[in-house]
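Read through the structure below, which is laid out as structure tokens, and then see the notes.
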Amino acid sequence: MLGVITGDIKAKIDRVWDTFWSGGISNPTDVIEQITYLLFIRRLDDLHTAALQRAQVLGQPITGAIFPEGTDDQGRDWNDLRWSVFRNFAPDRMYEVVDKRVFPFLQTLGVDGSTFSQHMEHSRLAIPNAYMLDKVVGLLSDIPMQNRDTNGDLYEYMLGKLSTSGTNGQFRTPRHIIDLMVNMTAPRPDDVIIDPACGTAGFLVVAEEYVRTHHAQALRTEEGRQHFHRHMFHGFDTDPHMLRIGSMNMLLHGIENPDIQHRDSLSQQAGHDEDRYSLILANPPFAGSLDYEQVSKDLLKDLKTKKTELLFLALFLRLLKPGGRAAVVVPDGVLFGSSAAHKKLRRTLVEDHHLAAVVKLPSGVFKPYAGVSTAILFFTKTGVGGTDEVWFYDVKADGMSLDDKRAILVPEDQFGAVPSADFVVANHEKNNLPDILRRWSQRNTSEKTRARTDQSFTVPKTEIADNDYDLSISRYKEVVHEDIEYPEPVEIIANLKKLDAQIRADLDDLEGMLS
């Protein structure tokens, strides 16, 4: 939930957005990408200003400067490339500087080792005229960017405007569903976290916020800071647009150097990261099937299938180090599919590792992007088994309407997995997420005695094995049947005779009218 940015800032972002649309740039991804470039240019100026101030205070030569001093080989002032300078230029001059000098400068930049700079290689200014650029720069200049929380929430607000699904079946995972998954896995300060299909980096951002909130003390050491900023967060994606947007999302949330790479996680060129990560958070694309020739031969050794959802799960088991855990969204077919690959994968999760939970989501959670039915799997890689029983939860409501509008049904302080106010039990019918988190913490105690008619319950591994490792909750959930009193046969026959007589009378009346 957005809690820091004000209505005034939202209004300014909306005005920026409207400026792009009225200027002919209507694709939401293109709009966010152009705003991303401009925010990065502004951030460079802030970093340069901080370096100058640090040098002045210490009385030492400047270190960490972004822009060269003096003039370039054509005698043009390098300072003109700074946001705080060109924002005051006349529109035509500003456009000339940004288009012909700033963007080429970005393409050759390597700012403090940031992977984001690598994704700027093909950056270009797509704003069509000087007037529009002047207006956008003016609006963005009025938005305060000194606060990390404000920066992150501001960008999240923009990402919320993405209204079209991406390529390869990608679509944005709702923030409150990510919150649930992150809180259930409880990231630790020594974790190495990856999303192999990261998109806008939503999972990584929420994991970062969780660690920063729950493990602040661990981040006060130099070792803790270095790990947090440079080694904890990793993401792969095949879409250059998403790489730029995801990297900026991480940067604006205060991560100095997130590892966001261009990589097809399933391809044989993807490299070898086996046993490297301790936590996977992901909602991989469900593209149906792939060309065998493009898929990693190592993955195909594990699982003979073209189904991407199965290959991603096999990949996750390879990427995790022993003891590493995962929370991943899968389509329902993974839970009950009858192919040899489906059955082998489920058996592997249950018998060779520790499958902790299956959280069934309602089919409207990903609307308007997709109506696919999904579930979240929670498991730990062990290689030696460990599944004694599996905890199931049947989610009926996530706090929003399950139609294309996805309207919030509860007060803002009652929304999400961890509401900002004490949760009112009466809101459970509209928002199950707080109950999921509470019962998850009780899965080894009171949840064991819950009836199969309840919303959550546990199922022994032996029963799952007997059912061909079927993980669909409907296989194990028991439905309460109400006792209904039916009429006696004599009464039913009498009623049928009355109905027959009435129909005959109506037909006679109709015949008379027609004659």
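The closest donor-acceptor contact from the side chain of R325 to the backbone of K381 lies at 3.5 Å or more, if one exists at all. Without hydrogens or angle criteria, N432 side chain to A397 main chain gives a donor-acceptor distance under 3.5 Å. A distance-only check finds no donor-acceptor pair linking the side chain of S363 to the backbone of S373 [under 3.5 Å]. Side-chain atoms of D142 never come within 3.5 Å of backbone atoms of L139 as a donor-acceptor pair (strictly under, hydrogens ignored). With H234 contributing its side chain and I193 its backbone, the two residues share no donor-acceptor pair below 3.5 Å. In this structure a side-chain-to-backbone donor-acceptor pair under 3.5 Å is present from R346 to V334. Side-chain atoms of N467 come within 3.5 Å of backbone atoms of E463 as a donor-acceptor pair (strictly under, hydrogens ignored). Counting only distance, with no hydrogens or angles, the side chain of S401 and the backbone of L409 share no donor-acceptor pair below 3.5 Å. With T185 contributing its side chain and P187 its backbone, the two residues share no donor-acceptor pair below 3.5 Å. Counting only distance, with no hydrogens or angles, the side chain of S278 and the backbone of V192 share a donor-acceptor pair below 3.5 Å.
Within 6.0 Å of CD in Q442 there are more than 12 heavy atoms belonging to other residues, nucleotides or ligands. Residue K430 qualifies as open at atom NZ: its count of foreign heavy atoms under 6.0 Å is 12 or below. Counting heavy atoms of neighbouring residues, nucleotides and ligands inside a 6.0 Å radius, atom CG of D422 does not exceed 12 of them.
In this model, no donor atom of one side chain and acceptor atom of the other lie less than 3.5 Å apart for S420 and D413. Of the N and O atoms on the side chains of H176 and D398, at least one donor lies less than 3.5 Å from an acceptor on the other residue. A side-chain N or O of Q261 and one of D259 form a donor-acceptor pair less than 3.5 Å apart. Side-chain contact, E208 with H253: no donor N or O sits under 3.5 Å from an acceptor N or O. For the residue pair Y277 and D191, no side-chain donor N or O sits within less than 3.5 Å of a side-chain acceptor on the partner. N431 and Q414 share no side-chain donor-acceptor pair at under 3.5 Å. Between the side chains of S456 and E447, a donor-acceptor pair is found at a separation under 3.5 Å.
The pair R15-D18 does not meet the salt-bridge criterion, since no charged nitrogen lies less than 4.0 angstrom from a carboxylate oxygen. Of the charged side-chain nitrogens involved, at least one lies within less than 4.0 Å of a carboxylate oxygen, so that D273 and R276 count as a salt-bridged pair. Under 4.0 Å is where a charged nitrogen must lie from a carboxylate oxygen, and between R175 and D179 at least one such pair does. Taking a cutoff of 4.0 Å between a charged side-chain nitrogen and a carboxylate oxygen, K321 and E274 do not qualify as a salt bridge. One finds no salt bridge joining D454 and R452 here, because no Lys/Arg side-chain nitrogen approaches an Asp/Glu carboxylate oxygen to under 4.0 Å.
Taking 4.5 Å as the limit, some side-chain heavy atom of L313 sits within range of a side-chain heavy atom of L377. The shortest side-chain heavy-atom distance between V328 and N283 does not fall under the 4.5 Å cut-off. Side-chain contact check for M158 versus I13: some heavy-atom pair is nearer than 4.5 Å. Under the 4.5 Å side-chain criterion, counting only non-hydrogen atoms from C-beta, S267 is not in contact with S296. Residues N257 and I255 are not in side-chain contact: their nearest non-hydrogen atoms beyond the backbone lie 4.5 Å or more apart. Residues M232 and V211 have side chains in contact (heavy-atom distance under 4.5 Å, counting atoms from C-beta outward). Residues L437 and L433 have side chains not in contact (no heavy-atom distance under 4.5 Å, counting atoms from C-beta outward). Under the 4.5 Å side-chain criterion, counting only non-hydrogen atoms from C-beta, I376 is in contact with M181.
The heavy-atom pair separating G246 from A201 by the smallest distance is O-CB, 3.6 Å. Nearest heavy-atom pair across A341 and L303 is O-CD1, 3.7 Å. Taking both residues in full, the closest heavy atoms of L315 and P196 are given as CD2-CB, 4.3 Å, listed atom of the first, atom of the second, then distance. Closest heavy-atom contact between L402 and R406: CD2-NH1, 3.5 Å. The heavy-atom pair separating C198 from D237 by the smallest distance is N-OD2, 3.6 Å. Among all heavy-atom pairs drawn from G399 and F415, the shortest one is O-CE1, 3.7 Å.
Residues satisfying the ring-ring contact (aromatic ring centres under 6.0 Å, His included) test with F20, not counting sequence neighbours, are none. By the ring-ring contact (aromatic ring centres under 6.0 Å, His included) test, H227 pairs with no residue at all, sequence neighbours left out. Contacts of D388 classified as salt bridge (charged side-chain N to carboxylate O under 4.0 Å, His left out), with partners at least two apart in sequence or in another chain: none. Partners of H354 by ring-ring contact (aromatic ring centres under 6.0 Å, His included), not counting sequence neighbours: none found. Residues passing the ring-ring contact (aromatic ring centres under 6.0 Å, His included) test with F379, sequence neighbours excluded: none.
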Go through the steps for V390 and V358 under the test side chain to side chain contact (heavy atoms under 4.5 Å, CB included), then give the verdict. CA-CA 7 Å; V390 177; V358 177; 4.0 Å; yes
Give the C-alpha distance, both sets of side-chain angles, the deciding distance and a yes or no for side chain to side chain contact (heavy atoms under 4.5 Å, CB included) between M184 and I436. CA-CA 9 Å; M184 289 177 70; I436 299 171; 4.0 Å; yes
Pair I32-T200, side chain to side chain contact (heavy atoms under 4.5 Å, CB included): steps then yes or no: CA-CA 11 Å; I32 290 179; T200 61; over 6 Å; no
Does the pair R212 and E209 meet the rule for a salt bridge (Lys or Arg N to Asp or Glu O under 4.0 Å), with working shown? CA-CA 5 Å; R212 203 187 288 269; E209 292 174 346; over 6 Å; no
Could you check K396 against D394 for salt bridge (Lys or Arg N to Asp or Glu O under 4.0 Å), going step by step and ending with a plain yes or no? CA-CA 6 Å; K396 300 295 187 183; D394 190 11; 3.0 Å; yes
Is there a side chain to side chain contact (heavy atoms under 4.5 Å, CB included) between T238 and R263? Walk through the geometry before answering. CA-CA 5 Å; T238 58; R263 181 184 296 191; over 6 Å; no
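Taking the six-membered ring where the residue is Trp, the centroids of Y476 and F457 are separated by 6.0 Å or more. Ring-centre distance between F378 and W440: below the 6.0 Å cut-off.
Screening residues 183-223 for ring pair (Phe, Tyr, Trp, His ring centres under 6.0 Å) gives Y210-H214 as the qualifying pairs, with residues at least two apart or on separate chains.
Separation of atoms CG (D435) and CG (N427) is listed at 12.5 Å; rounding is to 0.5 Å. The distance from atom OG of S265 to atom CG of L319, rounded to the nearest 0.5 Å, is 7.5 Å. In this structure, L355 CG and Y469 OH are separated by 12.0 Å, a value rounded to the nearest 0.5 Å.
Aromatic ring orientation, F233 versus F228: perpendicular (interplanar angle above 60°, classes split at 30° and 60°).
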